[in-house]
Amino acid sequence: MAPMYRDDVCAVCGESLPPDHLYCREHAAEVDARLHEIGTLLPQLLDVLERLAELLAGIADETWDYVAEHEDDDPAWPPVPQVDVRADADEVDVDVDSEPGYIRTQLRVPLPQLLAAVHAGLDTDELRRMAATCTTVEGANVTH
């Protein structure tokens with residue numbers, strides 16, 4: 001992840017800057033292109049995440065068991081990722097959820113920090129292995 005922005009270094013690479021500059025010469029030339037790419041990728045990401053959540057919720061636990069049985073170590077799929085997010089204590093609300101044994105947590109963190117934490121939690125060998133296996137599965141419709 002790029003260094004956190006300080007007013008004396010480039011917001012992208014961290015190179016020292018003169019006062020009142022936000023980017024080094026190289027990265028200043030790329031700001032518009034970066035903004036355009038953000039404008040393209042964010043809506044795509046939101047659409048993909050929504051669809052992926054729907055698809056994952058639409059698979060029965062028994063089907064995941066069937067798919068995992070064909071692996072040598074019979075993993076528990078889908079994996080449960082661990083997402084570590086560092087947030088200021090004033091930006092965290094924790095409430096008892098309406099379902100016993102659960103809590104509801106609301107975090108207000110900068111978007112780059114949140115996305116980096118989610119990526120780190122999801123980008124695991126096990127999740128990649130599950131995804132690769134899902135692309136080759138046949139006959140899962142007969143599990144239940």
Side-chain angles (χ1 to χ4, degrees), residues 1-138 140 143:
M1 188 162 91
M4 294 304 290
Y5 171 71
R6 293 186 355 213
D7 63 1
D8 59 345
V9 298
C10 175
V12 179
C13 68
E15 180 180 315
S16 293
L17 298 173
D20 300 325
H21 284 72
L22 300 175
Y23 307 95
C24 66
R25 189 174 304 238
E26 174 189 351
H27 292 114
E30 300 175 355
V31 173
D32 287 350
R34 286 173 181 260
L35 288 170
H36 295 171
E37 189 172 0
I38 289 168
T40 300
L41 290 176
L42 270 176
Q44 292 174 5
L45 173 67
L46 296 174
D47 292 344
V48 167
L49 286 176
E50 180 181 32
R51 180 63 179 146
L52 185 56
E54 290 171 359
L55 290 169
L56 286 166
I59 301 295
D61 291 340
E62 293 84 359
T63 302
W64 287 118
D65 293 343
Y66 169 82
V67 173
E69 284 173 3
H70 294 86
E71 297 292 309
D72 292 337
D73 56 348
D74 193 17
W77 280 349
V80 177
Q82 178 175 325
V83 177
D84 296 318
V85 179
R86 186 172 184 230
D88 186 291
D90 293 336
E91 300 297 322
V92 178
D93 295 320
V94 179
D95 295 311
V96 175
D97 194 72
S98 57
E99 191 171 336
Y102 285 87
I103 61 169
R104 180 172 306 276
T105 306
Q106 294 180 341
L107 305 173
R108 288 174 299 285
V109 296
L111 189 56
Q113 184 178 331
L114 175 63
L115 292 175
V118 170
H119 176 262
L122 293 177
D123 192 15
T124 64
D125 291 341
E126 188 61 19
L127 193 58
R128 288 183 181 278
R129 181 173 79 147
M130 183 194 87
T133 301
C134 285
T135 65
T136 63
V137 170
E138 292 190 24
T143 56

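Identified under the salt bridge (charged side-chain N to carboxylate O under 4.0 Å, His left out) test for residues 76-91, with sequence neighbours left out: Glu91-Arg108. For residues 68-91, every residue pair satisfying the ring-ring contact (aromatic ring centres under 6.0 Å, His included) rule, not counting sequence neighbours, is listed here: Tyr66-His70.
No more than 12 heavy-atom neighbours from other residues, nucleotides or ligands sit within 6.0 angstrom of CG on Asp125. The number of heavy-atom neighbours closer than 6.0 Å to CG of Asp73, taken from other residues, nucleotides and ligands shown, is above 12.
Side-chain contact between Asp8 and Ser16: absent, with no pair of heavy atoms (C-beta onward) separated by less than 4.5 Å. Annotation: side chain of Val118 is in contact with side chain of Leu114 (closest heavy-atom distance under 4.5 Å). Within the 4.5 Å cutoff, side-chain heavy atoms of Leu45 are placed close to those of Leu115. Between Met130 and Glu126, the closest side-chain pair of non-hydrogen atoms is not below 4.5 Å.
A salt bridge does not link Arg34 with Glu37: none of the charged nitrogens is closer than 4.0 Å to a carboxylate oxygen. Asp97 and Arg104 are joined by a salt bridge, as a carboxylate oxygen and a charged side-chain nitrogen come within less than 4.0 angstrom of each other.
Residues Pro75 and Arg129 approach most closely at CG-NH2, 3.1 Å, considering heavy atoms. Annotation for Gly121 and Pro81: closest pair O-CB, 3.2 Å, computed over non-hydrogen atoms. Nearest heavy atom pair, residue Cys10 against residue Leu17, reads N-CD1, 3.3 Å. Here the closest heavy-atom approach between residue Asp65 and residue Asp74 is recorded as O-OD1, 4.4 Å. The minimum heavy-atom distance linking Thr63 with Ala140 is given by the pair CG2-CB, 3.9 Å.
Not one N or O on the side chain of His119 forms a donor-acceptor pair closer than 3.5 Å with the backbone of Ala117.
To the nearest 0.5 Å, atoms CZ (Arg128) and CG (Leu122) are separated by 10.0 Å. Distance check, rounded to the nearest 0.5 Å: CD of Glu26 to SG of Cys24 gives 5.5 Å. Of the inter-residue distances, the one linking Leu55 atom CG with Glu50 atom CD reads 10.5 Å to the nearest 0.5 angstrom.
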- Message: Between Glu30 and Tyr23, is the side chain to side chain contact (heavy atoms under 4.5 Å, CB included) condition met? List the steps.
- Response: CA-CA 9 Å; Glu30 300 175 355; Tyr23 307 95; over 6 Å; no

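Each of Leu41, Leu42, Thr40 was evaluated against Ile38; a single residue qualifies, Leu42, per the side chain to side chain contact (heavy atoms under 4.5 Å, CB included) test.
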